[in-house]
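Everything below concerns the one structure shown next.
Computed from heavy atoms alone, side chains included, the values below leave out hydrogens, waters and symmetry copies.
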Amino acid sequence: MQPILWITLFSVFYWSFVSSVELTFELPDNAKQCFHEDIQQGVKSTIEFQVVTGGHYDVDAVLEAPTGQVLYKGIKKQSDSFTWTAERTGVYKLCFSNEFSTFSHKLVYVDFVVGEEKPLPGIGEHLTAMTKLETSSSNVHEHLNTIIDYQTHHRLREAQGRKRAEDLNTRVMYWSMGETILIVIIGVGQVMVLRNFFSEKKGTSS
């Protein structure tokens with residue numbers, strides 16, 4: 001079993017301004033997995049998920065407020081994202097369900113971002129235009145965030161491609177074993193038929 005099926009890809013927490021959790025987990029058939037996050041009132045949050053492998057690459061997702069109100073509900077979604085602002089402080093629950101599937105395990109990626117990232121120190125703190133150094137720092141910061149996003153999606157595509165390759169390799173192995181067994185059975189059958197054929201001729205002539 002590949003490690004990616006069992007452990008999270010990575011988790012990064014910025015306790016002061018933003019809390020971001022990215023993980024990949026296995027969702028068995030007829031199973032339901034929930035995640036809880038304590039969010040303060042007025043904080044903007046975003047969830048993004050994608051089914052990496054398994055079945056028809058679909059899953060049910062439900063986001064509930066502390067009052068039990070359903071903020072988001074997706075039925076058999078392959079991937080989606082949702083952004084909202086918390087109306088009250090409390091624990092918000094995000095659940096993924098594979099209960100409609102009887103035999104397909106799913107590998108699900110989820111990104112749960114709470115809050116917004118604070119601008120770089122010195123950026124936006126004065127009324128004058130930014131200097132070249134500040135502009136360069138801001139551009140580098142934005143490019144690094146873009147690179148992180150690209151790396152995350154590349155990991156997902158790599159995991160998806162690896163899973164498909166492993167499934168294809170398994171199917172080819174079973175097909176080859178079946179062909180080998182069939183060839184052996186046919187060979188043994190031909191030998192037995194030929195032996196019976198010559199035995200019958202020998203008995204008739206005698």
message = With a 4.5 Å cut-off on side-chain heavy-atom distances among I, L, V, M, F, W and Y, is there a chain of contacts connecting Phe35 to Trp84?
response =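 Yes.
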
Measure the shortest side-chain to side-chain distance between [X] and [Y] over non-hydrogen atoms and say whether it is less than 4.5 angstrom.
X: Val51; Y: Asp58; answer: no
X: Gln78; Y: Gln50; answer: no
X: Val52; Y: Tyr57; answer: no
X: Lys77; Y: Ser79; answer: no
X: Ser45; Y: Val114; answer: yes
X: Lys32; Y: Cys95; answer: yes
X: Lys73; Y: Ile75; answer: yes
X: Glu64; Y: Leu71; answer: no

ask   = Looking only at heavy atoms, what is the nearest atom pair of Gly55 and Ser104, with distance?
value =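 Smallest heavy-atom distance, with atoms named: CA-OG, 3.7 Å.
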
query = Hydrophobic cluster mates of Met177, side-chain heavy atoms under 4.5 angstrom, ILVMFWY only, any path?
reply =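 Traced through the cluster, Met177 reaches Met173, Tyr174.
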
query = Taking the hydrophobic residues Ile, Leu, Val, Met, Phe, Trp and Tyr, and joining any pair whose side-chain heavy atoms are under 4.5 Å apart, which ones share a cluster with Leu168?
reply =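 When side chains under 4.5 Å apart are linked, the cluster holding Leu168 also contains Val172.
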
task = Using the test salt bridge (Lys or Arg N to Asp or Glu O under 4.0 Å), find all partners of Lys76 that sit at least two apart in sequence or belong to another chain.
result =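 Lys76 satisfies salt bridge (Lys or Arg N to Asp or Glu O under 4.0 Å) with no residue once adjacent residues are dropped.
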
task = Go through the side-chain N and O atoms of Glu48 and Tyr109 and say whether any donor and acceptor fall under 3.5 Å apart.
result =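 No, because no side-chain N or O of Glu48 sits under 3.5 Å from a partner of the opposite role on Tyr109.
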
ask   = Is there a donor in the side chain of Tyr92 and an acceptor in the side chain of Asp38, or the other way round, less than 3.5 Å apart?
value =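 Distance-only check fails for Tyr92 and Asp38.
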
When rounded to the nearest 0.5 angstrom, what distance separates [atom1] in [X] from [atom2] in [Y]?
X: Arg88; Y: Ile39; atom1: CZ; atom2: CD1; value: 13.5 Å
X: Leu63; Y: Leu94; atom1: CG; atom2: CG; value: 6.0 Å
X: Ile47; Y: Asp80; atom1: CD1; atom2: CG; value: 8.0 Å

key: SB check Glu158 Arg162 (cutoff 4.0 Å)   =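 Looking at Arg162 together with Glu158, the answer is yes, because their closest N to O distance falls below 4.0 Å.
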
request  = Decide, yes or no, whether a salt bridge links Lys106 with Asp29 under the criterion of side-chain N to carboxylate O below 4.0 Å.
outcome  =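 Looking at Asp29 together with Lys106, the answer is no, because their closest N to O distance does not fall below 4.0 Å.
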
Given 3.5 Å as the limit, does a donor-acceptor pair link the side chain of [X] with the main chain of [Y], or not?
X: Asn196; Y: Met192; answer: yes
X: Asn98; Y: Ala31; answer: no
X: Thr89; Y: Gln41; answer: yes
X: Asn30; Y: Phe100; answer: no

query = Around atom CD of Glu99, are there more than 12 heavy atoms of other residues, nucleotides or ligands at under 6.0 Å?
reply =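 Correct, the count exceeds 12.
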
ask   = So with a 6.0 Å cut-off around NE2 of His36, is the heavy-atom count from everything else above 12?
value =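 It does: His36 NE2 has more than 12 such atoms within range.
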
task = Take Thr24 and Leu107, measure what side-chain contact (heavy atoms from CB on, under 4.5 Å) needs, and give me the verdict at the end.
result = CA-CA 7 Å; Thr24 303; Leu107 187 65; 3.7 Å; yes

task = Could you check Phe49, Tyr72, Phe112 and say which one makes a ring pair (Phe, Tyr, Trp, His ring centres under 6.0 Å) with Phe82?
result =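 Answer after filtering Phe49, Tyr72, Phe112: Tyr72.
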
request  = Look at the aromatic rings of Phe96 and Phe25 and report parallel, tilted or perpendicular, splitting at 30° and 60°.
outcome  =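 The rings of Phe96 and Phe25 sit tilted, inter-plane angle from 30° to 60°.
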
